[in-house]
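We number each residue from 1, following the sequence as shown. Just so you know, ligand 1 is whichever comes first in the structure, and atom 1 is the first atom listed for that ligand.
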Amino acid sequence: MRVLVAGAGPAGLYLSYLLKKANPRCELRLVEQNPPDATFGFGVVFSEKALDFLLGDDPGTYDAITPQMEQWTDLTVVHRGTPVVIDGIGFSAIGRLKFLRLMQQRAASAGVVPEFRRRISADEVRGYDLVVAADGANSTVRGAADFGTTVTPLSNKFAWYGTTKMFPTLTQTFVENQHGHFNAHHYRHSPEMSTFVFECDAATWERAGFSRMDESATLAYAEKVFAPALGGHRLVSNKSVWRNFPNVRNTRWHAGNVVLIGDALRTAHFSIGSGTRLAMEDAIALVKALNEHPVPQALAAFEAARRPVVDKLTAAADASGNWYDRFPEHMKLAPREFAWSYIQRSGRIDPARLRKISPKFVDGQDN
Ligand SMILES: Cc1cc2nc3c(=O)[nH]c(=O)nc-3n(C[C@H](O)[C@H](O)[C@H](O)COP(=O)(O)OP(=O)(O)OC[C@H]3O[C@@H](n4cnc5c(N)ncnc54)[C@H](O)[C@@H]3O)c2cc1C
């Protein structure tokens, strides 16, 4: 089988590893536009049981990554300077670059040799039995056919920073100043570094004058807004430009010999910490289908198996993304009510379930 995988992010690397491991004779090209150590962002979080989904079928990858992760069991919501701890909402985190390096090593162990610094175009898909578009939210390969793609940006603006401040739990800090409303998602992703996603609504962004500020002025502004949370530590930038989160959806998951996986198939708002896991689970499901069926049927089987899970998660991600798009409104609530609104935002946790997961929070023992 001749396979082209476009993009060596989490989806493309893991797909290549699994496919080559299961079919050593498969002729697989993994092509990445960037050099091996170039990436955006700082850390990524994994919600709930982190990489437990790998334990059954791929304990080797689980063992390679899990010891490198920061883990914690509670989440903190800070509003009007008051921290409210929600117990039992666990997350794990790892630096994105470290994660990609580990995945590159896993792929190399199966004999995958990625071709870096080469960009695939949509007209290169001929001549392969299978082309996997794992080239992210702005996928080029999607241009090879009509996948019924829609890209809908959320209205909030965000910029992705790091900091040397170590936070005890994943923390959501909300702040109001003379220009409007700000939020930071912050968590440590290594023993030395934390991730700090700085976010505000569109009206605040205009009033603060960010369109006229360069990167260092923006960083200084963010440091000022979040000075109490940063406790004297600086923010660190890495291509930390303002972005709007794109909600990518495709009505068709495959066309001819091309199949979409990961963010090329659909994005899930980062506030639910599931995009990377979804990308890896796509890879698992696609390789399983390819091991059981010839290509055309495998692509249909992949979609049939995966669509219900993905639809459920994207619905939760959409609800969460929409809650963030209206967070200034929610900030009218007092800190504890605000924390309740926050934790119920994706529609996945009702009061009965929350009582089981977070008894201390529900009983009011939250700081
Ligand atoms: C601010 C922010 C925070 C996030 N936080 C989290 C988080 O905490 N937890 C989480 O799980 N997820 C998070 N995500 C989402 C997560 O980053 C993605 O879901 C995940 O990276 C998807 O993996 P992927 O391999 O599909 O795509 P990507 O990671 O985007 O990888 C695609 C790769 O394809 C390459 N590429 C693109 N076009 C071409 C081409 N034409 N030819 C060759 N190569 C190409 C790119 O260079 C890239 O390396 C966050 C996203 C954002 C924006």
Salt bridge [X]-[Y], side-chain N to carboxylate O under 4.0 Å:
| X | Y | value |
| --- | --- | --- |
| Arg306 | Glu281 | yes |
| Asp282 | Arg277 | no |
| Asp201 | Arg326 | no |
| Lys157 | Glu199 | no |

Are any of the N or O atoms of [X] closer than 3.5 Å to those of ligand 1?
| X | value |
| --- | --- |
| Gln33 | yes |
| Pro10 | yes |
| Val45 | yes |
| Phe158 | no |

Counting non-hydrogen protein atoms only, what is the nearest one to [atom]? Give residue, atom name and distance.
| atom | value |
| --- | --- |
| atom 49 (O) of ligand 1 | Glu32 OE1, 2.7 Å |
| atom 50 (C) of ligand 1 | Phe270 CB, 3.6 Å |
| atom 6 (C) of ligand 1 | Val44 CG1, 3.9 Å |
| atom 34 (O) of ligand 1 | Gly7 CA, 3.2 Å |
| atom 37 (C) of ligand 1 | Asp135 O, 3.2 Å |
| atom 52 (C) of ligand 1 | Trp160 CZ3, 3.6 Å |
| atom 31 (O) of ligand 1 | Gly9 CA, 3.5 Å |
| atom 18 (C) of ligand 1 | Asp263 OD2, 3.2 Å |

Q: Look at the rings of Tyr324 and His269 and say which category their plane angle falls in: under 30° parallel, 30 to 60° tilted, over 60° perpendicular.
A: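 Ring orientation of Tyr324 relative to His269: tilted.
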Q: For the pair Phe174 and His79, name the ring-plane relationship: parallel under 30°, tilted 30 to 60°, perpendicular over 60°.
A: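 Correct class here is perpendicular.
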Q.
To check you understand the geometry: which heavy-atom pair defines the closest contact between Ala264 and Ala133, and what is its length?
A.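 It is CB-O, 3.5 Å.
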**Q.** Atom of Ile86, atom of Ala339 and distance for their closest heavy-atom approach
**A.**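 Smallest heavy-atom distance, with atoms named: CD1-O, 4.0 Å.
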Where does [X] meet ligand 1, judged by heavy-atom distances below 4.0 Å: at the side chain, the backbone, both, or neither?
| X | answer |
| --- | --- |
| Arg243 | side chain |
| Asn34 | side chain |
| Val31 | backbone |
| Tyr187 | side chain |
| Ala134 | backbone |
| Thr276 | both |

Does [X] have a non-hydrogen atom less than 4.0 Å from ligand 1?
| X | value |
| --- | --- |
| Ala6 | no |
| Phe198 | no |
| Arg96 | yes |

Can you sort out which atoms of ligand 1 are near [X], meaning under 4.0 Å from one of its heavy atoms?
| X | value |
| --- | --- |
| Gly136 | 27 (O), 30 (O), 32 (C) |
| Arg118 | 43 (C) |
| Gly275 | 10 (C), 11 (O), 12 (N), 19 (O) |
| Ser274 | 11 (O) |
| Gly262 | 26 (O) |
| Thr140 | 41 (N) |

Q: Kindly say whether Met331 contributes a backbone atom to a donor-acceptor pair with the side chain of Arg80 at under 3.5 angstrom?
A: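 Yes: the side chain of Arg80 pairs with the backbone of Met331.
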What do you reckon, are the aromatic ring centroids of [X] and [Y] less than 6.0 Å apart?
| X | Y | answer |
| --- | --- | --- |
| Phe210 | Tyr221 | yes |
| Phe182 | Phe198 | yes |
| Tyr161 | Phe42 | no |
| Trp323 | Tyr342 | yes |

Q: Decide yes or no on ring-ring contact (aromatic ring centres under 6.0 Å, His included) for Phe147 and Trp253, but give the supporting numbers first.
A: CA-CA 7 Å; Phe147 290 95; Trp253 288 29; over 10 Å; no
(Q) Check this for me: Asn177, atom CG, are more than 12 non-hydrogen atoms of other residues, nucleotides or ligands nearer than 6.0 Å? (A)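 Yes, CG of Asn177 has more than 12 neighbouring heavy atoms, counting only those of other groups under 6.0 Å.
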Q: Measure from atom 41 (N) of ligand 1 to every heavy atom in Ile120, Val248, Asp282, Thr195 and give the option owning the shortest one.
A: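 Checking each option, the heavy atom nearest atom 41 (N) of ligand 1 is found in Ile120.
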**Q.** Value rounded to 0.5 Å, distance of OG1 in Thr204 from CD in Gln178
**A.**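 Between Thr204 OG1 and Gln178 CD, I get 10.5 Å after rounding to 0.5 Å.
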